Undergrad: 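Below you'll find the structure I mean.
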Amino acid sequence: GSRFQEHTMVQWIATICFCVVLLGKAAAHSATQAKPHLFIMLIDDWGYANVGFHRTDSPTKEVITPNMDAIATKGIILDRAYAYRFCSPTRSSLNSGRLPVHVNVLNVQPVVHNPRDPVSGFAGIPRNMTGFGTLMARGGYDTHQIGKWDAGMATPDHTPLGRGYKTSFGYFHHDNDYWDETIDGCGNRSVTDLWVAEMAAEKPAYGMNGSTYDHSHVPHVLAVNGSVADYEDYKFGQRAVSIIEQWQPGDNPIFVNYDSHNCHEPLQVPQSYFDKFSFIKDDYESHRQVYAAMVNFVDDTVGNITSALKAKGMWADTLFVGWSDNGGPSWVGSYTANNYPLRGSKADNFEGGVRVNGYVGGGYLATVAPHMIGTHLTGLVHIADLYATFAGIAGVDPTDHRAAAAGLPPIDSIDMMPYWTGQVAESPRTTVYHDPWALTVGDLKILTGKIPNACWTGPAFPNASTSTKGCEAVLDCGDFGCLFNTSADPTEHVDLAHDPSMAATMGHMRQLLASANATFFNPDRGSVSKLACEAALGKYGGFWGPFLP
């Protein structure tokens with residue numbers, strides 16, 4: 001009864017507020033919430049073809065993502081959303097507001113240390129850069145991080161709490177076991193990677209890790225006999241729902257950075273989800289089946305989160321952004337994701353490695369930019385841009401003065417809200433400096449060096465005919481480079497580098513890449529520190545955590 005009365009009262013108040021907005025022609029956001037709730041859903045190793053809104057030309061019952069499709073199609077689909085080609089640099093980018101080339105381009109484990117560099121001699125984000133959570137807290141937000149961190153662990157400055165997140169619940173490494181949250185790293189000892197921060201204090205997540213059935217811990221060996229309740233990403237989803245349910249009108253707006261473990265290896269998913277895709281027969285060692293189940297699981301998580309926001313009356317005041325941290329791993333050995341029709345895989349600079357699933361939605365977007373609903377935007381946008389975009393919404397200056405004082409690179413982030421709301425017709429981002437071997441400028445991309453995974457997959461990948469040798473094709477662009485028009489030719493079939501009519505353009509692109517490389521930031525991160533295992537096995541009782549003061 002009380003829940004119904006509360007819901008009815010919320011509806012009644014919302015109706016009055018809506019009428020006030022209409023009558024007063026007030027600012028284009030809800031009168032009940034001065035600043036919107038902000039939600040990022042960063043999905044790990046999510047292939048370009050593993051979402052429904054990218055399968056309109058190749059529909060398949062194997063991709064079941066109705067919740068993300070609903071947000072994207074009732075919002076904006078970002079046709080040229082970019083990230084780095086693998087995990088940690090993208091997460092460092094998101095949480096620092098810099099392109100990976102100006103914060104971190106390495107996927108080293110979080111246990112490294114270079115004692116000669118007290119600012120940048122660690123994995124992930126250099127110590128003196130201002131974290132996304134800190135920035136948003138300045139803007140009056142309650143900040144929360146959930147899931148995969150992978151942006152540093154060495155000191156208390158490197159954890160989510162150290163980067164300004166009021167609460168966190170997740171893990172530090174590139175991945176861990178979905179069932180018991182362990183990862184190898186200390187001799188023959190498995191160490192649990194699960195950490196929690198609440199009430200300005202952080203510690204190992206004792207008692208929150210799984211104690212599940214005996215299963216293989218080999219990444220490519222399926223472990224699909226567990227229950228939903230024991231699955232790590234279920235716990236992460238429940239954490240998000242709990243944050244939403246605890247929010248009350250009058251509280252600060254929330255900023256949630258949700259970084260799912262799905263759909264990264266190991267190949268583990270609850271049995272009920274795995275069985276749902278038993279109709280997939282033309283498969284490679286059941287990889288396509290388990291990956292389809294993982295994608296469906298994370299979509300259900302999105303559904304649970306959006307349902308909780310709607311039940312709480314918060315959805316109308318929420319901006320919801322979805323992204324992948326890199327292209328899907330379609331490479332040999334992994335054989336899970338599919339980036340069709342794009343060329344390449346996670347870990348390379350083809351569009352299949354760096355052009356990712358991206359969308360913006362939520363009730364707030366529908367209110368402030370109703371004319372943008374159901375559109376596709378073809379301008380460049382990078383995950384680094386969320387930093388300045390959200391800062392603009394929060395009303396804070398994203399300039400990183402702390403980093404400047406330490407001689408570190410400034411932010412690259414650009415506020416995308418004028419573009420997403422239609423106030424400007426073109427994206428304010430005109431270039432993406434991917435790494436020292438790749439640069440996108442407008443429609444054109446220059447690639448240099450030897451690029452592996454130079455293949456295209458079909459609509460159903462991997463499959464029974466997939467070779468155990470994988471894609472052996474390598475595109476050798478050399479020092480001169482290859483040139484592609486990634487707007488007209490997103491699948492990168494036509495190399496324009498030696499087209500006589502493009503000679504001047506190619507020369508200009510080569511100069512731009514050389515100029516960009518003069519700004520490349522790549523400090524010596526050091527080597528594995530024995531202090532990490534000493535802290536894990538001693539101070540933390542078998543859990544990973546910070547190992548330096």
Side-chain angles (χ1 to χ4, degrees), residues 34-35 38 40 84 88-106 114 116-145 149 151-168 197 200 202 252-255 257 321 381-418 428-433 515-516 518-525 546 548-549:
K35 296 177 182 177
L38 300 171
I40 296 171
Y84 198 71
S88 186
T90 289
R91 292 154 202 283
S92 299
S93 174
L94 169 66
N95 283 288
S96 72
R98 290 155 176 86
L99 295 172
V101 285
H102 296 143
V103 54
N104 170 38
V105 295
L106 300 177
N114 174 11
R116 296 179 302 280
D117 187 346
V119 173
S120 303
F122 317 91
I125 303 170
R127 197 164 192 162
N128 291 46
M129 288 185 179
T130 300
F132 205 171
T134 300
L135 185 69
M136 297 307 293
R138 286 179 192 160
Y141 278 79
D142 283 345
T143 55
H144 308 274
Q145 188 272 335
W149 180 240
M153 178 187 80
T155 79
D157 285 343
H158 288 90
T159 67
L161 182 66
R163 298 299 179 188
Y165 290 100
K166 180 180 177 181
T167 76
S168 72
E202 57 183 339
N252 291 335
I254 60 171
F255 165 49
N257 176 8
V321 178
V381 57
H382 193 279
I383 196 168
D385 295 326
L386 297 182
Y387 188 92
T389 302
F390 283 16
I393 293 170
V396 291
D397 179 1
T399 305
D400 194 345
H401 300 289
R402 182 182 179 215
L408 294 169
I411 68 165
D412 300 295
S413 190
I414 302 172
D415 185 355
M416 286 290 154
M417 280 305 280
R429 174 166 293 286
T430 57
T431 66
V432 175
Y433 174 26
S515 297
T519 72
F520 182 46
F521 176 77
N522 192 24
D524 181 358
R525 307 288 177 158
L548 295 165

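All residue numbers refer to positions in the sequence shown, counting from 1. Note that this is a predicted model, so its numbers are computed, not measured.
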Undergrad: Give me the atom names and distance for the closest heavy-atom approach of Ala388 to Ser413.
TA: N-OG, 2.7 Å
Undergrad: In Å and rounded to the nearest 0.5 Å, what is the OG to CG distance from Ser88 to Asn104?
TA: 4.5 Å
Undergrad: Just verifying a value: how many Å separate Asp415 CG and Met417 CE, rounded to the nearest 0.5 Å?
TA: 7.5 Å
Undergrad: Would you mind reporting whether Leu408 and Phe521 have side-chain heavy atoms less than 4.5 Å apart?
TA: yes
Undergrad: Please round to the nearest 0.5 Å and tell me the distance separating atom CE of Met136 and atom NZ of Lys166.
TA: 14.0 Å
Undergrad: What verdict does the side-chain contact (heavy atoms from CB on, under 4.5 Å) test give for Leu38 and Ile254, after you've listed the backbone C-alpha separation in whole Å, the side-chain angles of each residue and the deciding distance to 0.1 Å?
TA: CA-CA 6 Å; Leu38 300 171; Ile254 60 171; over 6 Å; no
Undergrad: Let me confirm one number: the CD1-CG distance from Ile414 to Leu386, rounded to the nearest 0.5 Å.
TA: 12.0 Å
Undergrad: Would a 4.5 Å heavy-atom cut-off, applied to side chains only, mark Thr155 and Pro546 as touching?
TA: no
Undergrad: Does any donor atom in the side chain of Glu202 or Thr159 lie under 3.5 Å from an acceptor atom in the other side chain?
TA: yes
Undergrad: For the residue pair His158 and Phe122, does the interplanar ring angle fall in the parallel (under 30°), tilted (30 to 60°) or perpendicular (over 60°) class?
TA: tilted
Undergrad: Applying side chain to side chain contact (heavy atoms under 4.5 Å, CB included), name anything that partners Ala391, two or more places apart in sequence or on another chain.
TA: Leu135, Val396, Pro398
Undergrad: If you apply the rule side-chain contact (heavy atoms from CB on, under 4.5 Å), what do you find for Met416 with Thr389, and how did you get there?
TA: CA-CA 5 Å; Met416 286 290 154; Thr389 302; 3.5 Å; yes
Undergrad: Minimum heavy-atom separation for Arg402 and Thr130, please, with both atom names.
TA: CB-OG1, 3.9 Å
Undergrad: Could you tell me which non-hydrogen atom of Asn257 sits nearest to which non-hydrogen atom of Tyr165, and how far apart they are?
TA: ND2-OH, 3.1 Å
Undergrad: For Pro89, does its backbone N or O pair with a side-chain atom of Ser93 as donor and acceptor, under 3.5 Å?
TA: no
Undergrad: In plain terms, say whether Asp400 and Arg98 are close enough for a salt bridge, that is, a side-chain N and a carboxylate O under 4.0 Å apart.
TA: yes
Undergrad: Tell me, do His382 and Val432 make a side-chain contact under 4.5 Å, heavy atoms counted?
TA: yes
Undergrad: Passes side-chain contact (heavy atoms from CB on, under 4.5 Å), Tyr141 versus Asn252? Steps please.
TA: CA-CA 6 Å; Tyr141 278 79; Asn252 291 335; 6.0 Å; no
Undergrad: What class does the angle between the rings of Phe255 and Phe132 fall in, given that below 30° is parallel, 30 to 60° is tilted and above 60° is perpendicular?
TA: tilted
Undergrad: Kindly indicate whether the side chain of Thr399, heavy atoms from C-beta on, has any atom under 4.5 Å from the side chain of Pro410.
TA: no
Undergrad: What distance do Asp524 atom CG and Asn522 atom CG have between them, rounded to the nearest 0.5 Å?
TA: 9.0 Å
Undergrad: Atom CG in Leu548, atom CE in Met153: separation rounded to 0.5 Å?
TA: 9.0 Å
Undergrad: Taking the side chain from Thr90 and the backbone from Tyr84, do they hold a donor-acceptor pair closer than 3.5 Å?
TA: yes
Undergrad: Gly124 and Arg525: which non-hydrogen atoms are nearest, and at how many Å?
TA: O-NH1, 2.8 Å
Undergrad: Taking side chain as C-beta onward, heavy atoms only, is Val103 less than 4.5 Å from Asn95?
TA: no
Undergrad: If I compare all heavy atoms of Ile411 with all of Tyr387, which pair ends up nearest, and what's the gap?
TA: CG2-CE2, 3.9 Å
Undergrad: Just by distance, with hydrogens left out, do Asp412 and His102 show a side-chain donor and acceptor under 3.5 Å apart?
TA: yes
Undergrad: Return the minimal non-hydrogen interatomic distance between Asp157 and Arg163, and the atom names on each side.
TA: O-NE, 3.3 Å
